[in-house]
Protein chains: 2
Amino acid sequence: MTDFSHDTPECKKAILAVHDAMDVLSGKWKIYIIAALCFNSKRYSDLLRDVRGISGKMLSRELKDLEMHRLVKRTVMDTQPITVSYELTPYGQKLKEVINQLAVWGMEHRNMIIEEMRNN
Amino acid sequence: MTDFSHDTPECKKAILAVHDAMDVLSGKWKIYIIAALCFNSKRYSDLLRDVRGISGKMLSRELKDLEMHRLVKRTVMDTQPITVSYELTPYGQKLKEVINQLAVWGMEHRNMIIEEMRNN
DNA sequence: CTGTATCCACCTTGATACTG
DNA sequence: CAGTATCAAGGTGGATACAG
């Protein structure tokens with residue numbers, strides 16, 4: 001097991017837990033996809049538009065990954081032509097608070113950047 | 001501006017905020033480094049050990065990045081030989097809640113995996 | 001609409017050796 | 001101890017074409 005420098009056991013546990021989480025969430029697009037699914041289920045084409053800059057290949061690859069980890073549920077709708085809906089599983093929904101905190105920080109961050117530009 | 005499918009304005013704002021946050025946090029190692037610095041300031045060599053798998057090159061590169069974004073403060077200690085201490089800035093500390101939520105989820109996730117293995 | 005297959009450029013990363 | 005320089009390798013991801 002890794003040996004941490006000055007950290008108490010609780011610190012180490014938290015740090016390892018972050019690793020456990022990131023094992024699933026690492027990858028260039030996962031967080032964005034989960035964020036996009038946080039509020040509504042969406043179709044493939046919706047995600048392709050809402051996740052800025054992602055390509056079709058990457059989207060399906062990452063979705064498959066998230067599905068495998070039980071974070072996302074894929075549902076084929078019986079339409080003509082078929083459409084596919086993606087949504088967070090109850091388990092994936094537990095990530096909402098992470099996403100929420102990220103959003104909170106992102107807003108603060110953006111405000112700081114704007115503030116900084118004003119001071120130049 | 002991106003056009004989101006069914007999302008309300010608040011949803012869109014949150015999703016964009018996540019992007020703002022990830023602009024700074026993306027990269028294979030940033031989250032791990034921040035997590036490692038969440039509880040204690042650490043030296044370069046401490047981080048090299050505590051961030052599992054990172055190489056020296058990547059560590060200094062990512063630290064430089066984090067420093068540029070004002071999340072991390074670098075302090076050269078006047079020892080022989082010199083040592084360098086890294087710590088979260090007050091601004092970087094605001095990420096603690098993100099890290100904490102990640103850790104919470106990571107523990108749940110690990111427990112689910114263990115539970116699953118038990119059922120096989 | 002929802003993907004998959006292929007090809008390829010590029011970037012990221014690791015290893016190693018080196019500096020102050 | 002705390003990095004930097006260089007090189008090579010592999011993975012990541014985009015474009016395109018195609019399939020069900």
Side-chain angles (χ1 to χ4, degrees), chain A residues 2-6 19 22-37 40-69 71-88, chain B residues 2-6 19 22-37 40-69 71-88:
Chain A
T2 323
D3 178 29
F4 293 95
S5 37
H6 346 286
H19 277 264
M22 292 306 291
D23 284 344
V24 177
L25 300 177
S26 67
K28 193 172 173 182
W29 302 105
K30 298 231 172 57
I31 301 269
Y32 297 130
I33 294 174
I34 294 168
L37 291 174
N40 293 295
S41 67
K42 288 180 180 172
R43 290 180 308 152
Y44 180 82
S45 48
D46 292 330
L47 287 168
L48 212 46
R49 183 187 50 240
D50 294 356
V51 179
R52 284 191 307 206
I54 198 170
S55 70
K57 181 173 73 174
M58 280 303 108
L59 179 56
S60 46
R61 190 184 288 180
E62 298 278 67
L63 281 170
K64 211 178 289 178
D65 231 52
L66 291 170
E67 202 190 346
M68 208 179 54
H69 286 294
L71 300 183
V72 162
K73 177 156 164 277
R74 178 179 182 274
T75 310
V76 179
M77 319 293 280
D78 191 12
T79 53
Q80 189 50 250
I82 60 156
T83 55
V84 180
S85 165
Y86 291 94
E87 63 192 310
L88 294 182
Chain B
T2 325
D3 178 28
F4 293 95
S5 36
H6 345 285
H19 277 264
M22 292 305 291
D23 283 344
V24 177
L25 299 177
S26 67
K28 192 172 173 182
W29 302 103
K30 298 232 172 58
I31 302 268
Y32 298 130
I33 294 173
I34 293 168
L37 290 175
N40 293 296
S41 66
K42 288 180 181 173
R43 291 180 307 154
Y44 180 82
S45 49
D46 293 330
L47 287 169
L48 212 46
R49 181 187 52 241
D50 293 356
V51 180
R52 286 191 306 205
I54 197 169
S55 70
K57 181 173 73 175
M58 280 303 110
L59 179 56
S60 46
R61 191 185 287 179
E62 298 277 67
L63 281 170
K64 212 178 287 177
D65 230 52
L66 291 170
E67 202 190 346
M68 207 180 55
H69 286 293
L71 300 184
V72 162
K73 177 156 165 278
R74 178 180 182 274
T75 310
V76 179
M77 319 292 280
D78 191 11
T79 53
Q80 188 49 251
I82 60 157
T83 54
V84 180
S85 166
Y86 291 93
E87 62 192 312
L88 293 183

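Order of the sequence lines sets the chain letters (A, B, ...), proteins ahead of strands, with each chain counted from 1. A quick note: this is a predicted structure, and the numbers were derived from the prediction, not measured.
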[X] vs [N]: side-chain N/O to OP1/OP2 distance below 4.0 Å:
| X | N | value |
| --- | --- | --- |
| Lys64(A) | dG3(C) | no |
| Ser60(B) | dA2(D) | no |
| Tyr86(B) | dG3(D) | yes |
| Ser45(A) | dT2(C) | yes |

Candidate nucleotides [options], ranked by approach to the side chain of [X] - the nearest:
| X | options | answer |
| --- | --- | --- |
| Val84(B) | dG13(D), dG3(D), dG3(C) | dG3(D) |
| Tyr44(A) | dT2(C), dG13(D), dA2(D) | dT2(C) |
| Lys28(A) | dG13(D), dC1(D), dC1(C) | dG13(D) |

message = With rounding to the nearest 0.5 angstrom, report the CG to OH distance, Leu59(B) to Tyr44(B).
response =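 Between atom CG of Leu59(B) and atom OH of Tyr44(B) there are 5.0 Å.
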
query = Nearest 0.5 Å, what's the NZ-CG distance between Lys73(A) and Leu88(A)?
reply =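 Between atom NZ of Lys73(A) and atom CG of Leu88(A) there are 11.5 Å.
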
Would you kindly give the [atom1]-to-[atom2] distance between [X] and [N], to the nearest whole Å?
| X | N | atom1 | atom2 | result |
| --- | --- | --- | --- | --- |
| Asp78(A) | dG20(D) | CG | C1' | 15 Å |
| Leu59(A) | dG3(C) | CG | P | 8 Å |
| Ile82(B) | dC1(D) | CD1 | C1' | 7 Å |
| Leu63(B) | dC1(D) | CG | C1' | 15 Å |
| Tyr32(A) | dT12(D) | OH | P | 17 Å |
| Ile33(B) | dA2(D) | CD1 | P | 14 Å |
| Arg49(B) | dA2(D) | CZ | P | 11 Å |
| Arg61(A) | dG13(D) | CZ | C1' | 7 Å |

query = Contact class for Arg74(B) vs. all strands (heavy atom < 4.0 Å): base, sugar-phosphate, or nothing?
reply =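 The residue Arg74(B) makes sugar-phosphate contact but no base contact.
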
query = With a non-hydrogen cut-off below 4.0 angstrom, is Gly53(A) in contact with a base, only sugar-phosphate, or nothing?
reply =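 Gly53(A): backbone/sugar contact only, no base atoms under 4.0 Å.
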
inquiry  = Using every non-hydrogen atom in the two residues, find where Ser85(B) and Met77(B) come nearest and quote the distance to one decimal.
reply    =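 Closest approach of Ser85(B) to Met77(B): CB-SD, 4.0 Å.
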
ask   = For Thr79(A), does its backbone N or O pair with a side-chain atom of Thr83(A) as donor and acceptor, under 3.5 Å?
value =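 Checking the backbone N and O of Thr79(A) against the side chain of Thr83(A), no donor-acceptor pair under 3.5 Å is found.
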
request  = Could you tell me whether the side chain of His6(B) reaches within less than 4.5 Å of the side chain of Lys42(A), counting heavy atoms only?
outcome  =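 In short, these two side chains touch, coming nearer than 4.5 Å.
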
